[in-house]
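Notes follow once the structure below has been shown.
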Amino acid sequence: MPDDLPWEEYRRDRPRSGMSFPVGRGLVEQALRDADTVVGTLELVIADYGGRPARADLLAVTVDWFSDAQSGYVSHRKRSEASHLLMRVWAVPAEQRQQLRILAPDAVALACRWAAEARERGTAWSASNHSLLLRYQQHTLTVEET
């Protein structure tokens, strides 16, 4: 992990006109440290709505656990435990950024705790894919887990 950061890879989409990130990398880093966990990849991403207006329920943060069940025919490479976790912080329309900055730290903290718990859940759970989706909807944070 470069410089002891709580992720193995980091990517950030290039800012696009009218979109803004409600939190920065520093807040995510601190929340991951507070949760005492590491993710394989942290991405700050801009959703592509294909020219359509953004949905009323904007994605805030998503965390995906990718199954640790692998066929020996596909890969013999040993993966780190953290590499099963992908965390994304989603950009929002710039005019909503200030309003969403209030909820964003809670969304990030909740996502980091979920990531930490995912690493402890046991073999039956970790053998399949799972996701946590946190959305901004009508001034509140909604949670969906699959």
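Values in this document were obtained by computation on a predicted structure and should not be read as measured data.
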*For Asp13, what residues pass the side-chain contact (heavy atoms from CB on, under 4.5 Å) criterion, not counting sequence neighbours?*
Val45, Ile46
_Counterpart residues, side-chain contact (heavy atoms from CB on, under 4.5 Å), relative to Thr146 (two or more places apart)_ = Ser131, Glu144
*Taking the side chain as C-beta and beyond, is there a heavy-atom pair between Val61 and Trp90 under 4.5 Å?*
no
*To the nearest 0.5 Å, what is the distance between OG1 (Thr41) and CE (Met87)?*
11.5 Å
*Specify whether Trp125 and His130 have parallel, tilted or perpendicular ring planes, treating 30° as the upper limit for parallel and 60° as the lower limit for perpendicular.*
parallel
_Among residues at least two apart in sequence or on other chains, which ones pass side-chain contact (heavy atoms from CB on, under 4.5 Å) with Glu95?_
Pro93
*Just wondering, do Asn129 and Asp64 contact through their side chains at under 4.5 Å, heavy atoms?*
no
*Qualifying residues under side chain to side chain donor-acceptor pair (under 3.5 Å), relative to Glu43, sequence neighbours excluded*: Arg11, Arg88
*asked:* So, using side chain to side chain donor-acceptor pair (under 3.5 Å) as the criterion, who are the partners of Asp36 when residues are at least two apart?
replied: none
*asked:* Using the side-chain contact (heavy atoms from CB on, under 4.5 Å) criterion, which residues pair with Leu110? Sequence neighbours excluded.
replied: Arg113, Leu134, Val143
_Non-hydrogen atoms of Trp65 and Ala118 that approach each other most closely_ = CE3-CB, 4.1 Å
*Which residue pairs satisfy the salt bridge (charged side-chain N to carboxylate O under 4.0 Å, His left out) criterion with at least one member in residues 18-31, sequence neighbours excluded?*
Glu29-Arg33
*Does any pair with a residue in residues 115-130 pass salt bridge (charged side-chain N to carboxylate O under 4.0 Å, His left out), and if so which ones, sequence neighbours excluded?*
Glu81-Arg119, Glu117-Arg121, Arg121-Glu145
_If you define the side chain from C-beta out and look only at heavy atoms, does anything of Leu44 sit under 4.5 Å from Tyr10?_
yes
*To the nearest 0.5 Å, tell me how far Trp114 CH2 sits from Thr62 OG1.*
9.5 Å
*Between Val63 and Ala111, what is the shortest heavy-atom contact and its length?*
CG2-CB, 3.6 Å
Solution key, residues 97-109 side-chain donor-acceptor pairs under 3.5 Å, sequence neighbours excluded:
residue	atom	partner	partner atom	Å
Arg97	NE	Ser20	OG	3.1
Arg97	NE	Phe21	O	2.8
Gln99	NE2	His139	ND1	2.6

*Closest approach of Cys112 and Val28, non-hydrogen atoms and distance?*
SG-O, 4.3 Å
